[in-house]
Amino acid sequence: MEARDPELRKELDATVQARAELGPEYESVLIDSFLEKVEHRLEGTLDRQVRRHLTEQQMAVAREARSPQAMGRFGERFGFGIVSLVLAIPLSAIGVANAGIDGLVVAWLGIVGVNAVNAAHGRVWARSGRDARDGRRAACDRE
């Protein structure tokens, strides 16, 4: 509802004109009728705004649920961890056979390093550098 609603203005003019024709004894009935119309108008406007707001929230939640970061992130990490542990057995054997205990240590440092990088992928602190580059790139594009 706008501040200057022409339809509501017509209703007010009609109410004032009816009051002039009917006299002061019908004033309270006319005012109640006009206020009821205003209340219905406000309720309709409020209902539309609330529905729009709820729809926007539902769409935001749906977009977030379908985002690549939200979909399957746990499954990817869990699967990667399982695969790396399965591959750790032959890598450990190869490392020990070729270089002894030093080869075992190097193999496990590699396994831990790969898993740490995978775990860090998608975290806020890992993306901060990429976000800063994206921000600089966007600023350069605007200029």
Side-chain angles (χ1 to χ4, degrees), residues 1-96 99 101-143:
M1 186 173 86
E2 295 178 8
R4 305 247 183 229
D5 190 351
E7 190 173 323
L8 200 56
R9 180 68 183 179
K10 288 179 187 176
E11 291 288 336
L12 179 60
D13 290 340
T15 302
V16 170
Q17 188 175 15
R19 194 257 182 219
E21 291 175 6
L22 296 175
E25 58 270 2
Y26 291 101
E27 184 174 325
S28 65
V29 174
L30 291 171
I31 290 173
D32 288 343
S33 172
F34 176 74
L35 290 177
E36 188 175 315
K37 291 175 186 176
V38 170
E39 184 179 342
H40 285 295
R41 189 70 148 252
L42 287 172
E43 286 175 355
T45 302
L46 183 61
D47 283 345
R48 281 192 304 274
Q49 289 176 348
V50 167
R51 279 193 215 118
R52 185 178 337 131
H53 183 69
L54 287 174
T55 302
E56 289 171 357
Q57 283 182 339
Q58 289 172 346
M59 289 180 69
V61 167
R63 283 186 193 122
E64 204 172 279
R66 289 189 333 218
S67 71
Q69 291 85 12
M71 292 178 63
R73 193 69 190 127
F74 174 76
E76 290 174 11
R77 287 191 317 222
F78 186 71
F80 190 84
I82 295 287
V83 169
S84 68
L85 286 176
V86 167
L87 292 177
I89 295 168
L91 288 174
S92 298
I94 292 169
V96 168
I101 195 74
D102 293 335
L104 180 65
V105 170
V106 169
W108 274 97
L109 285 175
I111 292 166
V112 169
V114 167
N115 279 294
V117 168
N118 185 48
H121 181 69
R123 302 237 188 242
V124 174
W125 53 269
R127 285 187 285 163
S128 62
R130 185 173 54 221
D131 291 342
R133 286 191 304 270
D134 291 343
R136 285 193 301 265
R137 190 174 305 130
C140 291
D141 290 345
R142 278 183 264 146
E143 292 175 354

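Computed from heavy atoms alone, side chains included, the values below leave out hydrogens, waters and symmetry copies. Residue numbers count from 1 along this sequence. All of these numbers come straight from a predicted model, not from anything done at the bench.
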Taking all atoms of both residues into account, what is the closest heavy-atom pair of [X] and [Y], and its distance?
X: Phe80; Y: Asn118; result: CD2-ND2, 3.2 Å
X: Asn115; Y: Ser84; result: ND2-OG, 3.0 Å
X: Leu91; Y: Ala107; result: O-CB, 3.8 Å
X: Ala88; Y: Ile111; result: CB-CD1, 3.4 Å

Hey, mind stepping through Leu54 and Val50 against side chain to side chain contact (heavy atoms under 4.5 Å, CB included) and telling me if it holds?
CA-CA 6 Å; Leu54 287 174; Val50 167; 4.0 Å; yes

Is the closest side-chain heavy-atom distance between [X] and [Y] below 4.5 Å?
X: Val105; Y: Leu109; answer: yes
X: Val61; Y: Gln57; answer: no
X: Val38; Y: Leu8; answer: yes
X: Ile101; Y: Val96; answer: no

Got a second to check how far [X]'s [atom1] is from [Y]'s [atom2], nearest 0.5 Å?
X: Leu87; Y: Ile82; atom1: CG; atom2: CD1; answer: 11.5 Å
X: Leu35; Y: Thr15; atom1: CG; atom2: OG1; answer: 9.0 Å
X: Leu30; Y: Leu22; atom1: CG; atom2: CG; answer: 6.0 Å
X: Gln49; Y: Leu42; atom1: CD; atom2: CG; answer: 10.0 Å
X: Thr55; Y: His53; atom1: OG1; atom2: NE2; answer: 10.0 Å

Non-neighbouring partners of Glu7 that pass salt bridge (charged side-chain N to carboxylate O under 4.0 Å, His left out), sequence neighbours left out
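Expected list: Arg41.
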
Once side-chain hydrogen bond (donor to acceptor under 3.5 Å, both in side chains) is applied, do any residues pair with Glu25, and if so which ones, sequence neighbours excluded?
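Checked Glu25 against side-chain hydrogen bond (donor to acceptor under 3.5 Å, both in side chains); zero matches.
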
Under the rule for side-chain hydrogen bond (donor to acceptor under 3.5 Å, both in side chains), what residues qualify as partners of Glu27, not counting sequence neighbours?
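Per chain and number, Glu27 pairs via side-chain hydrogen bond (donor to acceptor under 3.5 Å, both in side chains) with Arg19.
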
Run through Arg52, Met59, Gln58 and flag the one making a side chain to side chain contact (heavy atoms under 4.5 Å, CB included) with Glu56.
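Considering Arg52, Met59, Gln58, a side chain to side chain contact (heavy atoms under 4.5 Å, CB included) with Glu56 is found only for Arg52.
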
